[in-house]
4 protein chains.
Amino acid sequence: MGRRLVLTTFGESHGKCVGAVLDGCPAGLKLEEGDIQGMLDQRRPGQSAISTQRAEGDKVEILSGVFRGSTTGAPIAMIIWNRDQRSTDYEELKTKLRPGHSDYPAMIKYKGHNDYRGGGRFSGRLTATLVMGGAIARKLLGAALDVQTHSYVSQIGKVAMGKRFTEKMIPDIYGNDVRCPDPEAAALMRAAILGARRDMDSLGGMIESVTTGLPVGLGEPVFGSLESDISSGVFSIPSVKGVEFGSGFAGSESTGSQNNDTFVLRDGAVQTRTNNAGGILGGISIGMPLTLRVAFKPASSIPREQPTVDIKSGKDAVLSVKGRHDPCVVPRAPPVVDSVVALVLADHALLGGFIGPVL
Amino acid sequence: MGRRLVLTTFGESHGKCVGAVLDGCPAGLKLEEGDIQGMLDQRRPGQSAISTQRAEGDKVEILSGVFRGSTTGAPIAMIIWNRDQRSTDYEELKTKLRPGHSDYPAMIKYKGHNDYRGGGRFSGRLTATLVMGGAIARKLLGAALDVQTHSYVSQIGKVAMGKRFTEKMIPDIYGNDVRCPDPEAAALMRAAILGARRDMDSLGGMIESVTTGLPVGLGEPVFGSLESDISSGVFSIPSVKGVEFGSGFAGSESTGSQNNDTFVLRDGAVQTRTNNAGGILGGISIGMPLTLRVAFKPASSIPREQPTVDIKSGKDAVLSVKGRHDPCVVPRAPPVVDSVVALVLADHALLGGFIGPVL
Amino acid sequence: MGRRLVLTTFGESHGKCVGAVLDGCPAGLKLEEGDIQGMLDQRRPGQSAISTQRAEGDKVEILSGVFRGSTTGAPIAMIIWNRDQRSTDYEELKTKLRPGHSDYPAMIKYKGHNDYRGGGRFSGRLTATLVMGGAIARKLLGAALDVQTHSYVSQIGKVAMGKRFTEKMIPDIYGNDVRCPDPEAAALMRAAILGARRDMDSLGGMIESVTTGLPVGLGEPVFGSLESDISSGVFSIPSVKGVEFGSGFAGSESTGSQNNDTFVLRDGAVQTRTNNAGGILGGISIGMPLTLRVAFKPASSIPREQPTVDIKSGKDAVLSVKGRHDPCVVPRAPPVVDSVVALVLADHALLGGFIGPVL
Amino acid sequence: MGRRLVLTTFGESHGKCVGAVLDGCPAGLKLEEGDIQGMLDQRRPGQSAISTQRAEGDKVEILSGVFRGSTTGAPIAMIIWNRDQRSTDYEELKTKLRPGHSDYPAMIKYKGHNDYRGGGRFSGRLTATLVMGGAIARKLLGAALDVQTHSYVSQIGKVAMGKRFTEKMIPDIYGNDVRCPDPEAAALMRAAILGARRDMDSLGGMIESVTTGLPVGLGEPVFGSLESDISSGVFSIPSVKGVEFGSGFAGSESTGSQNNDTFVLRDGAVQTRTNNAGGILGGISIGMPLTLRVAFKPASSIPREQPTVDIKSGKDAVLSVKGRHDPCVVPRAPPVVDSVVALVLADHALLGGFIGPVL
């Protein structure tokens with residue numbers, strides 16, 4: 001992932017570890033493990049009643065690329081050792097296909113050689129590696145350009161946030177375990193998640209992301225548009241099935257005169273009165289906030305009984321997925337979306353010369 | 001664009017030509033200009049009352065990579081010479097910013113060196129280069145794997161297609177100039193477009209795409225997911241602001257037990273009863289039809305007067321965009337979406353060894 | 001070829017054209033066809049008694065990426081239309097394998113689909129596409145950083161240049177048709193080439209390249225070393241079989257105390273007394289001239305009879321290669337080596353932030 | 001490094017560890033740590049009187065991508081924890097520039113943020129990460145295609161191997177600590193190295209590499225030639241200053257009729273009588289042994305006093321490099337060259353469809 005700031009990830013849900021190597025980070029960025037740990041903690045499970053009871057410690061260790069508290073320009077390798085795995089939960093899944101899960105195509109693609117435990121390489125646990133890289137990208141954007149990315153839960157199941165997001169609400173995002181900055185909506189969302197758990201079912205939802213402070217000119221025409229690169233990254237997150245920028249799908253139902261953001265001069269700077277474009281025109285940032293919305297499907301692993309196929313016997317079967325799964329993964333996703341957005345923007349900031357090779 | 005099947009594009013709306021180089025196409029594919037021309041004709045403007053009156057001839061010429069009627073394995077360069085340009089239409093736009101258009105970020109990014117005529121590199125005309133590559137990818141997928149991609153207009157403005165798409169409707173897609181296989185909806189869509197033209201305004205809409213015949217196993221986990229690569233390609237199309245796969249945004253409002261596609265054996269083959277996943281699990285094809293929906297914003301260039309800024313004088317201004325623009329670009333977009341989907345799938349078919357280096 | 005400055009080439013020796021697309025060139029570089037034509041003329045055959053009698057016109061046409069005399073930041077496509085081909089010369093070669101030529105592996109690799117006429121994609125004619133890109137890279141390096149690359153013939157067969165190259169000799173490089181700045185050696189080299197032609201044989205030789213004006217810090221450690229990237233590019237030139245930097249192979253026979261270039265301060269700048277490193281330490285430029293030497297094998301296509309195999313009959317055969325081939329390609333190679341070096345250095349100058357996205 | 005089989009490396013000489021991630025290895029290859037350890041042991045220092053006394057344990061640990069003794073298709077991360085570092089040896093080098101060493105360009109490029117201890121990212125220790133990847137590539141080539149790569153020392157300083165290498169000598173390569181399969185030459189080389197150590201100096205040398213069993217057709221024309229990719233990889237090895245294939249530099253002094261390898265049928269297979277091409281024509285393998293020769297400069301870190309510059313005081317200085325350095329690194333290089341060659345060939349075997357995504 002990335003052209004100048006390249007993230008390579010490795011590891012499996014139930015293997016020894018998960019890890020990432022971030023290559024291309026400029027030299028001279030102050031960085032310590034705490035910078036990454038803080039963002040990892042935001043996605044960690046086992047934090048509240050609405051998430052899985054797995055207690056992932058998730059202590060990140062920086063292995064290379066940092067010397068005397070600063071990045072050196074060399075690849076930054078990071079690792080989290082896995083603990084608290086219960087592989088035996090997964091034995092039944094070797095032959096009974098989990099509906100909505102990658103088990104089936106993975107088994108066919110790799111002819112059975114894949115590590116199926118906990119989804120292996122396809123596990124949501126791998127999003128920790130996105131956050132490792134994203135935490136650095138986010139710090140880099142802040143330090144070099146004062147660019148800030150904030151993502152939050154805007155909908156769980158059918159419960160949508162009532163208020164319109166404003167910058168003032170940023171401190172409230174992590175004020176509750178749903179990660180929704182509207183406390184009233186958050187309470188309803190929480191109830192919905194607990195209801196799904198009771199029903200042995202799961203819920204999906206939506207994340208919104210806002211980035212402020214972007215200069216004009218990030219992004220490349222055609223194949224390197226900001227929307228291309230961000231969407232590509234966002235669809236690397238398990239369970240994502242849709243993404244839209246600015247007015248998105250709703251905008252496609254409007255007219256040009258309604259949807260166009262007209263230009264205006266404010267304090268000598270060109271701005272737009274509205275932001276239906278989500279801060280991007282022609283694939284390039286225009287200096288307005290970059291906004292996107294990401295749709296997560298409900299988690300596929302549910303305790304409720306589902307009809308399926310036993311691939312070994314070649315017969316119909318019934319499956320109740322065991323193991324400790326989140327009834328709703330969306331509250332854990334804001335730092336992951338933040339990470340993807342920050343990685344892409346930092347990559348383009350380097351590509352466009354907005355950040356140099358040494359800070 | 002692409003890893004194994006790499007598309008490079010060049011040209012500007014009002015320059016000499018637009019062109020593309022497709023590298024990585026296997027040797028031995030029967031190919032002639034007519035194969036590409038047919039798909040280009042589907043996106044050509046000047047075909048009916050609902051599109052621009054520019055009469056782009058758009059005759060493609062193959063420059064290399066084909067010998068005695070077959071591909072050779074060498075890069076395939078293709079070109080369309082530009083004609084019928086009226087660059088004078090664009091003089092006013094040098095200083096007055098077009099709302100909703102890439103003119104402004106392009107001017108800042110390239111410090112005025114960009115070719116602003118007709119949007120230059122950002123023009124919708126460049127989608128012809130996607131189609132050049134896509135036509136070859138589509139032929140390759142058909143010849144090697146019997147994979148077929150079909151895209152159609154499912155909504156224009158607020159007018160949505162009433163019927164559910166089935167394979168029987170494929171021949172009807174190009175049966176009308178709206179490219180909607182539901183003739184009744186097409187008539188309403190056509191009226192809506194003509195209404196927008198009358199109002200000196202524009203309309204957006206949606207394209208749906210269905211691909212059949214895919215084997216299980218195309219796509220890579222994490223960064224090379226089918227959704228990542230397709231969405232990245234789709235956002236390279238000007239005016240696209242949203243994309244969703246399968247049940248997409250609507251699916252995020254449902255529960256796991258509703259949204260999971262349960263597995264079933266049909267004639268010994270594993271299939272799913274529903275297709276909320278859009279044929280993709282864990283980023284990998286599962287042998288079901290691949291479905292996606294693409295949201296296009298209304299075209300930004302409208303004759304109606306809009307407030308804007310004159311960047312030269314630093315004052316507010318009023319702009320009425322002249323030139324011959326489509327009141328709705330969506331009916332021209334199905335072959336472009338087809339092209340992007342085919343390019344990505346062919347790339348992954350090569351990557352996964354489903355197609356070899358020589359046919 | 002390239003990371004930031006990406007060259008894509010296309011075309012065949014006996015097809016319609018050869019061409020190149022250079023993507024990533026900064027906006028704002030003054031550029032006209034003459035800039036490229038001048039360097040193409042230096043490699044053109046048909047210029048003297050010592051080269052092939054093919055009269056390639058080689059008039060380059062810029063198709064995109066230049067507007068009002070300056071680059072726009074968009075991909076620059078360039079083309080040369082082919083003329084004066086005699087494809088019939090190549091019929092015998094369809095079944096009789098040319099010793100030392102790519103015909104055989106190409107036929108096997110592409111199962112006979114490759115364009116075998118004149119070597120097709122493997123032809124030395126394709127070096128014109130390297131020069132198209134290289135001429136722009138060279139102009140960019142000169143304009144932005146005052147970096148100058150000069151290559152010359154240092155040996156033909158066993159005839160080596162007597163004098164040591166100095167910057168004063170630069171104007172003499174193109175003073176004779178051998179492209180050797182030592183006129184006495186050039187005369188002997190010329191005689192050797194004419195002798196080889198008389199003998200219906202061919203000669204190899206060596207090119208040396210010197211680049212001055214480089215700042216300290218171009219190049220990346222490990223996989224993106226200047227030596228890695230330059231050698232990779234140089235081995236893209238047909239007939240190249242060896243490359244060395246600085247003292248190269250000879251240096252490997254010396255000791256550390258002999259081969260180390262000791263540092264010295266000159267006018268406050270760190271320099272080295274000798275330049276056995278060829279201007280590169282750890283893969284990175286050190287501000288000293290970058291020097292390399294490239295070994296070209298003798299051209300494989302010779303009129304002299306050679307034993308070979310007739311692949312159709314499966315029998316031994318005798319082949320005398322017809323067509324108009326150079327008895328020695330080395331005098332045409334200096335602009336090609338210049339091009340490769342300039343492309344790599346410009347790529348790294350962009351990568352390292354020494355040149356920005358707009359001049 | 002690589003297109004399909006991508007090697008990412010990380011770590012520093014005196015940091016916590018060195019490591020590598022190999023992405024793209026087919027699923028189903030039997031692999032255990034011992035496969036990698038064996039090859040790492042061949043490059044390990046501290047093995048004999050002729051190398052550094054650092055006792056690097058170099059125990060490799062596989063972190064991911066292997067499950068139940070086979071590769072899974074997921075990225076394979078590997079790590080070696082560093083031990084036995086003496087960073088204090090390097091304090092003087094912070095200001096006094098080591099002649100012939102990357103310290104100076106690294107300091108300028110990274111403005112002092114680089115980890116200078118032991119060369120940091122530029123250290124020869126990083127070649128262990130090439131071997132990690134190379135050991136897997138080598139096993140893959142053997143298992144899937146019976147392709148075997150063997151490299152050996154052919155020259156140390158001015159002492160060259162007397163005998164011509166044949167396959168029978170393969171078992172003798174690691175029969176002595178010089179890694180030269182000619183025992184008599186090895187004894188002389190050993191004496192030369194001990195002499196250099198006594199003189200507080202260092203020696204360079206040459207490695208030859210032979211690969212057998214290659215099918216016809218590996219490699220791509222122009223930018224992906226085998227020579228391009230192998231040379232690029234070889235120049236990633238510290239101290240390499242030259243590379244040649246087949247007859248290389250010597251071949252450039254011969255004539256076409258001498259240097260061309262004439263074709264002959266042997267048991268129905270096309271072969272060549274000689275192998276001046278080193279098994280590569282037009283950048284593509286021809287089924288003959290692939291041969292190359294690599295020139296290593298003498299190690300730059302020598303105890304002998306050398307004049308240099310103190311960058312802090314801006315004055316001339318004298319430096320005697322302390323620390324435990326090899327008087328000659330060449331005997332440790334054969335497994336590194338093997339690794340680079342194997343990585344490139346495996347990459348091309350995957351690219352060309354000679355090896356599929358699952359074994």
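Each chain gets a letter, A, B and so on, in the order the sequences are listed, and its residues count up from 1.
Side-chain contact check for A:Pro105 versus B:Ser285: every heavy-atom pair is 4.5 Å or farther apart. Side-chain contact between A:Arg121 and B:Val222: present, with at least one pair of heavy atoms (C-beta onward) separated by less than 4.5 Å. In this structure, the side chains of A:Val309 and B:Leu265 come closer than 4.5 Å at one or more pairs of heavy atoms. Side-chain contact check for A:Lys109 versus B:Val216: every heavy-atom pair is 4.5 Å or farther apart. With a 4.5 Å cut-off on side-chain heavy atoms, A:Phe245 and B:Val243 do not count as touching. With a 4.5 Å cut-off on side-chain heavy atoms, B:Lys241 and A:Glu244 do not count as touching. Side-chain contact between B:Ile284 and A:Phe122 is present, with at least one heavy-atom pair separated by less than 4.5 Å.
Taking every heavy atom of both residues into account, A:Gly248 and B:Ala295 meet most closely at O-CB, 4.2 Å. Across all non-hydrogen atoms, the minimal contact from B:Gly256 to A:Ile302 is C-CD1, 4.1 Å.
Here B:Ser202 is the residue among B:Ser202, B:Ser247, B:Gly278 with the most heavy-atom pairs under 4.5 Å with chain A. The candidate from B:Gly205, B:Ala196, B:Gly251 with the greatest count of non-hydrogen atom pairs under 4.5 Å with chain A is B:Gly205. Chosen from A:Met107, A:His101, A:Met200, A:Gln258, the residue pairing most often with chain B at heavy-atom distances under 4.5 Å is A:His101. Each of A:Thr255, A:Leu226, A:Val240, A:Val330 has some count of heavy-atom pairs under 4.5 Å with chain B, and the biggest count is that of A:Thr255. Annotation: maximal heavy-atom pairing with chain B below 4.5 Å, among A:Tyr104, A:Phe296, A:Tyr110, occurs at A:Tyr104. When each of A:Gly352, A:Ser301, A:Ala277, A:Ala250 is scored by its heavy-atom pairs under 4.5 Å with chain B, the top score falls to A:Ala277. In terms of heavy-atom pairs under 4.5 angstrom with chain B, the leader among A:Gly219, A:Ser239, A:Gly283, A:Gly246 is A:Gly219. Among the candidates A:Pro99, A:Gly100, A:Gly224, the residue making the largest number of heavy-atom pairs closer than 4.5 Å to chain B is A:Pro99. When each of B:Gly282, B:Cys328, B:Gly157 is scored by its heavy-atom pairs under 4.5 Å with chain A, the top score falls to B:Gly157.
Within the 3.5 Å criterion, the main-chain N or O of B:Ser232 finds a donor-acceptor partner in the side chain of A:Ser228. Judged by distance alone, the side chain of B:Asn260 and the main-chain N or O of A:Ser300 form a donor-acceptor pair under 3.5 Å.
Contact of A:Ile280 with chain B is made through backbone and side chain together, with heavy-atom distances under 4.5 Å. Using a 4.5 Å cut-off between heavy atoms, A:Pro307 touches chain B through backbone and side chain atoms alike. Residue contact with chain A, scored on non-hydrogen atoms closer than 4.5 Å, is absent for B:Ile156. With a 4.5 angstrom heavy-atom cutoff, A:Ala299 touches chain B only via backbone atoms. Both the backbone and the side chain of A:Leu97 have a heavy atom closer than 4.5 Å to some heavy atom of chain B. Interface residue A:Gln306: only side-chain heavy atoms are found under 4.5 Å from chain B. Of the atoms belonging to A:Ser225, it is side-chain heavy atoms, and not backbone ones, that fall under 4.5 Å from chain B. For B:Glu227, the parts sitting under 4.5 Å from any heavy atom of chain A are the backbone and the side chain alike. For A:Arg304, the part lying near chain B is the side chain, with the backbone staying farther off; criterion is any non-hydrogen pair under 4.5 Å. Looking at B:Pro221, both its backbone and its side chain come within 4.5 Å of chain A, counting heavy atoms on both sides. Residue A:Val234 does not touch chain B at all, counting heavy-atom pairs closer than 4.5 Å. Heavy atoms closer than 4.5 Å to chain B are found in the side chain of A:Met206, but not in its backbone.
Put simply, CG on A:Asn276 and NZ on B:Lys297 are 9.5 Å apart, with the number rounded to the nearest 0.5 Å. With rounding to the nearest 0.5 Å, the separation of OG in B:Ser254 from NZ in A:Lys158 is 7.0 Å. Note that CD1 of B:Ile286 is 11.0 Å distant from CD1 of A:Ile108, once rounded to the nearest 0.5 Å.
Against chain A, the residues from residues 266-275 of chain B that qualify, each with a non-hydrogen atom under 4.5 angstrom away, are B:Val270, B:Arg273 in number order.
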Requested in this report: With side-chain contact (heavy atoms from CB on, under 4.5 Å) as the test, would you mind laying out the steps for A:Thr9 and B:Phe223 before giving the verdict?
Outcome: CA-CA 9 Å; A:Thr9 68; B:Phe223 299 130; 3.8 Å; yes

Query - Audit row: B:Phe263, A:Arg98, side-chain contact (heavy atoms from CB on, under 4.5 Å) steps and yes/no - result: CA-CA 8 Å; B:Phe263 288 104; A:Arg98 268 193 284 187; 5.8 Å; no

Validation: residues 310-318 of chain A side-chain donor-acceptor distances under 3.5 Å, sequence neighbours left out:
unit_1   : atom_1 : unit_2   : atom_2 : d
A:Asp310 : OD1    : A:Lys312 : N      : 2.9
A:Asp310 : OD1    : A:Ser313 : N      : 3.1
A:Ser313 : OG     : A:Lys315 : N      : 3.3

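Between the side chains of B:Ser257 and A:Asp201, a donor-acceptor pair is found at a separation under 3.5 Å.
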